[in-house]
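Notes to accompany the following structure.
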Amino acid sequence: MKKQVKERQTRRAFLKGGLMALGGVAVVVSGAGVYQAVQEDVFSPFEGPAYQPWSTWKSDVLTGSMALVQSAILAANPHNTQPWRFRVTDHKIELFADLQRHLGSFDPYRREMWIGFGCAIENMLLTAEAQGLNAGLEVIDGGLTINPMTDGIVPVATLTLSPGKRASGALYEAIPNRHTHRGPYLPERKVSSETQQQIKAIASTLDTRLSLFAAGPDRREFDRLMEDATHAIVEDSEMVMDSHHWFRETSAALQRHRDGITIDAAGLSPVMTTLAKLFPAPDPHTGHRMWENATRDVHLATAPLTGIISVKDRYDKAENIKAGRCWQRLHLHATTLGMAMQPMNQPVEWNDRQQQLGAPLMAQKRLAELTGESDWLATFVFRAGFAANPAPLSPRRPLDKVVV
């Protein structure tokens, strides 16, 4: 799902490669290094067509139904797979699942795919209000199965549009500013109890449950579960390779695909990001072991708050769309407060994989003990806090690639 670079290993490469770190900026002193730096956008990330949808949202805002799709493509989604397709008329938007854009064994039920559709729907509903439109939402019901199709498109939901009262709120304005932040947070800066109550209230309005963990025995158990789940994933070669498929290691690859996880968005320091671009990427298994280390030493160690979103049925399409809408709304609200957030779904992904393989569901048991909810099932896990630096952008596919 993510790539990290080990400090010790890359420091030696740093010295051998003739680089100097000055004030947090890597300076290349060899001709070959300069060429590679330019090729990989070391000094000017987040440029080019892959990043244009973020700025276009502000500079060239569309109107009517296409404005809703313009916002939808900026929504959160698993591994930045962007699995959506849209059929658009003046009065209706049909949302479809592009089944080729899946995570394989990382998401064997396509549960996270449907959570991503919920995120897109939430952006569309917020944009409809800003456009002065009423949007009636109809979700295609059904269960998620263990052997889903991997080709074609299937309907997910329909938004029916009619004239309404214009209402542009803070969440709508936050859409182009919301980004996943995988870097270190400021552990000494706590999330206030007032903010925690606000995000719990947001979750309840969407008929989901939110459990939060800041300190104490439950938080320690949360961290242990996260570490165990991440380790189990890293030891699963099929999961590693299915995750690695969506990592874009070069500027050329991210501009070509305009999706996936990039080096810039991997949560490395500025110097380590530069080095990761200049030197050959580690093999998938080494890269995921680095991610495991970062999960323990960065993501958990610096996060003042973690959380779990639960629904009534983990393997129901509509329930996971609710969870996605909840996550998108929580993240947008956090963005208005200057907060950072990151999905950390390893425990639920591990549970899906255990269920797929017919193994004992240890992850499910531990998740239930954490939430204390016998009638609700965890489907989305995250961390929250405040980061010292802004979150990086992720590449996005253009409208003409997602509109049917």
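- Counting non-hydrogen atoms of neighbouring residues, nucleotides and ligands closer than 6.0 angstrom, the CD atom of Glu194 reaches no more than 12 such neighbours.
- Side chain of Asn77 to main chain of Phe117: no donor-acceptor pair is present (N/O by atom type, distance under 3.5 Å, no hydrogens or angles).
- A donor-acceptor pair under 3.5 Å is formed between the side chain of Trp54 and the backbone N or O of Ser394.
- The CG atom of Leu159 sits 8.0 Å away from the CG atom of Leu95 when rounded to the nearest 0.5 Å.
- With a 4.5 Å cut-off on side-chain heavy atoms, Ile263 and Phe247 count as touching.
- Between the side chain of Ser71 and the main chain of Leu68, no donor-acceptor pair closer than 3.5 Å is present.
- A donor-acceptor pair shorter than 3.5 Å cannot be found between the side chains of Arg182 and Gln342.
- Within the structure, the salt bridge (charged side-chain N to carboxylate O under 4.0 Å, His left out) test picks out the following pairs touching residues 120-149 (sequence neighbours left out): Glu122-Arg325, Glu122-Arg329.
- Without hydrogens or angle criteria, Gln328 side chain to Gly118 main chain gives no donor-acceptor distance under 3.5 Å.
- Below 30°, between 30° and 60°, or above 60°: for Trp84 and Phe86 the angle between ring planes is between 30° and 60°, a tilted geometry.
- Using a 4.0 Å cut-off between charged nitrogen and carboxylate oxygen, Asp375 and Lys312 do not count as a salt-bridge pair.
- At a threshold of 4.0 Å, the pair Asp264-Lys277 counts as salt-bridged, since one of the basic side-chain nitrogens sits closer than that to a carboxylate oxygen.
- Between His181 and Tyr185, the distance from one ring center to the other falls under 6.0 angstrom.
- One N or O on the side chain of Asp236 and one on the backbone of Met239 form a donor-acceptor pair closer than 3.5 Å.
- Using a 4.0 Å cut-off between a side-chain N of Lys or Arg and a carboxylate O of Asp or Glu, Glu221 and Arg366 qualify as a salt bridge.
- The main-chain N or O of Ala359 is never found under 3.5 Å from a side-chain atom of Gln354 such that the two would form a donor-acceptor pair.
- Within the 3.5 Å criterion, the main-chain N or O of Thr89 finds a donor-acceptor partner in the side chain of Ser65.
- Between Lys365 and Glu369, at least one side-chain N (NZ, or NE/NH1/NH2) sits under 4.0 Å from a carboxylate O, which counts as a salt bridge.
- At distances below 3.5 Å, at least one donor-acceptor pair connects side-chain atoms of Asn345 with backbone N or O atoms of Val381.
- Sorted pairs that involve residues 389-404 and meet salt bridge (charged side-chain N to carboxylate O under 4.0 Å, His left out), not counting sequence neighbours, are lacking altogether.
- Judged purely by atom type and a 3.5 angstrom limit, Asp107 uses its side chain to pair as donor or acceptor with the backbone of Met113.
- Between His331 and Trp327, the two ring planes are tilted [angle within 30° to 60°].
- No donor-acceptor pair under 3.5 Å is formed between the side chain of Arg248 and the backbone N or O of Gly260.
- A salt bridge does not link Asp228 with Arg224: every distance from a Lys NZ or Arg NE/NH1/NH2 to an Asp or Glu carboxylate oxygen is 4.0 Å or more.
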